[in-house]
Amino acid sequence: MILEAISKNFFLYLSNNKWLDRLAKRFGSNFGADKIVGGETISQAIPIIQQLNHEGLHVTVDHLGEFVHSEQEAKDRTQECIRSIQAIASHQLNSEVSLKLTSLGLDISHELVRENMQLILKAAEKYDITVTIDMEDSSRCGATLEIYKELKETYPNLGTVIQSYLYRSDEDLDDLNEYDPYLRLVKGAYKEPGTVAFPEKKIVDDNLKHLIKKNLLNGNYTAVASHDDAIIEFTKQLVQEHEVPADRFEFQMLYGMRNDTQKKLVEEGYKVRVYLPYGEDWYGYFMRRLAERPANISFAVKGIFSK
Ligand SMILES: Cc1cc2nc3c(=O)[nH]c(=O)nc-3n(C[C@H](O)[C@H](O)[C@H](O)COP(=O)(O)OP(=O)(O)OC[C@H]3O[C@@H](n4cnc5c(N)ncnc54)[C@H](O)[C@@H]3O)c2cc1C
């Protein structure tokens, strides 16, 4: 237990290390990252999406990269999102798009990120593709939800994420209810202080169940994004008990995680979506996954020695 906590903090610390990020970019995704990342370009990701679709899995692609330092970089990221939307449409893929607002300039200005989001949402609207705004660390949660609310009325195909580790999430769910939200519910992946987040895992798990129940019974579309069997079983029982229609919810898992469970859920008739990240900026994403599950280290280590 103590070792697990140390390794979690260690990998979350590494995920923010700019020097290692630069080094990782230079060496490419050879450290086992290719097991959980769909290549460095959308063209490399396309055959993977086709294969997942072939297996009955829906997809959401995410162009990796969080922090941009200039308006131009944010505009470049916006164009990359639009290219991924066009690629999904032209290859007739069953895929949505996920993105992070910091990659579109959230830390630079509110206007910039809103303008970039509008460009992306106009492109997505043309092809009826849903876009989900990932949730980043707690310091950006308020600004992310503000953008979501500003855009949701004009662009109905817009989703976002609520993290059960945050104290604020129950109120956020109530606040979003009038927007007919499409919500992905997760436990939360960032290192957060006890002033904003529940320190105990059991409470985070229970709160996720609470949020899933509340959002589903509010009649809002719910994406249950977890690899945890207890959460998956809870959702299955809940939807059965309350006769929630199959088109009001889905399960989501990360690419490369619990492949057998993904397959089994599809066989049982559930809608399952795989979150497939791609791009050169795979380092921070990879480190957060190692922090969540030290067992992932084994394939990272194998990756290093097998290349
Ligand atoms: C599709 C998707 C999108 C996400 N988007 C966001 C986001 O926008 N913002 C954010 O902060 N976080 C996001 N996350 C991450 C999320 O917040 C959690 O950090 C992450 O999913 C780990 O929590 P968990 O519920 O999967 O399981 P955990 O609480 O980590 O694990 C619970 C149990 O599940 C089982 N388990 C977990 N992982 C595995 C595995 N890989 N293989 C086998 N068994 C496993 C184990 O039995 C484990 O004990 C996302 C996750 C998913 C799946």
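Order of listing sets the numbers, starting from 1, for every ligand and every atom in it. For the numbers below, each heavy atom of this structure counts, side chains included, while hydrogens, waters and symmetry mates do not. This chain uses plain numbering: 1 for the first residue, then up along the sequence.
- Of the listed options T60, T261, N259, L254, L254 places a heavy atom closest to atom 2 (C) of ligand 1.
- With ligand atoms numbered from 1 in the order given, ligand 1 contributes 11 (O), 16 (C), 17 (O), 19 (O) to contacts under 4.0 Å with heavy atoms of G188.
- Counting heavy atoms closer than 4.0 Å to ligand 1, residue K187 contributes atoms from both its backbone and its side chain.
- H227 places a side-chain N or O within donor-acceptor distance of the main-chain N or O of L254, the cut-off being under 3.5 Å.
- Residues R258 and D229 are paired through a salt bridge, judged by an N-O separation under 4.0 Å between the basic side chain and the carboxylate.
- The pair R140-D137 counts as a salt bridge, with a side-chain nitrogen and a carboxylate oxygen less than 4.0 angstrom apart.
- Between M135, R184, H227, E136, it is H227 that holds the heavy atom closest to atom 35 (C) of ligand 1.
- The pair K264-D260 fails the salt-bridge criterion, with no side-chain N (NZ, NE, NH1 or NH2) lying under 4.0 Å from an Asp/Glu carboxylate O.
- Residue E267 qualifies as enclosed at atom CD: its count of foreign heavy atoms under 6.0 Å is above 12.
- For atom 24 (P) of ligand 1, the choice among S226, A189, G256 with the nearest heavy atom turns out to be S226.
- Residue Y190 has at least one heavy-atom neighbour below 4.0 Å for each of these atoms of ligand 1: 11 (O).
- K213 NZ: 12 or fewer foreign heavy atoms inside a 6.0 Å radius.
- Using cut-offs of 30° and 60° for the angle between ring planes, the Y270 and F251 rings count as perpendicular.
- Taking only non-hydrogen atoms, the option from D228, D205, V186 nearest to atom 16 (C) of ligand 1 is V186.
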- Message: Run the side-chain contact (heavy atoms from CB on, under 4.5 Å) test on R77 and L99 for me, step by step, so that the C-alpha distance in whole Å, both residues' side-chain angles and the decisive distance to 0.1 Å come before the verdict.
- Response: CA-CA 10 Å; R77 296 287 169 98; L99 50 80; over 6 Å; no
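- Atoms of ligand 1 found under 4.0 Å from any heavy atom of D134, numbered from 1 in the order shown, are 8 (O).
- Applying the 4.0 Å criterion to heavy atoms of M257 picks out, from ligand 1, the atoms 41 (N).
- Ligand 1 lies within reach of K201, whose nearest heavy atom is under 4.0 Å from it.
- Against a heavy-atom cut-off of under 4.0 Å, Q252 is close to the following atoms of ligand 1: 1 (C), 53 (C).
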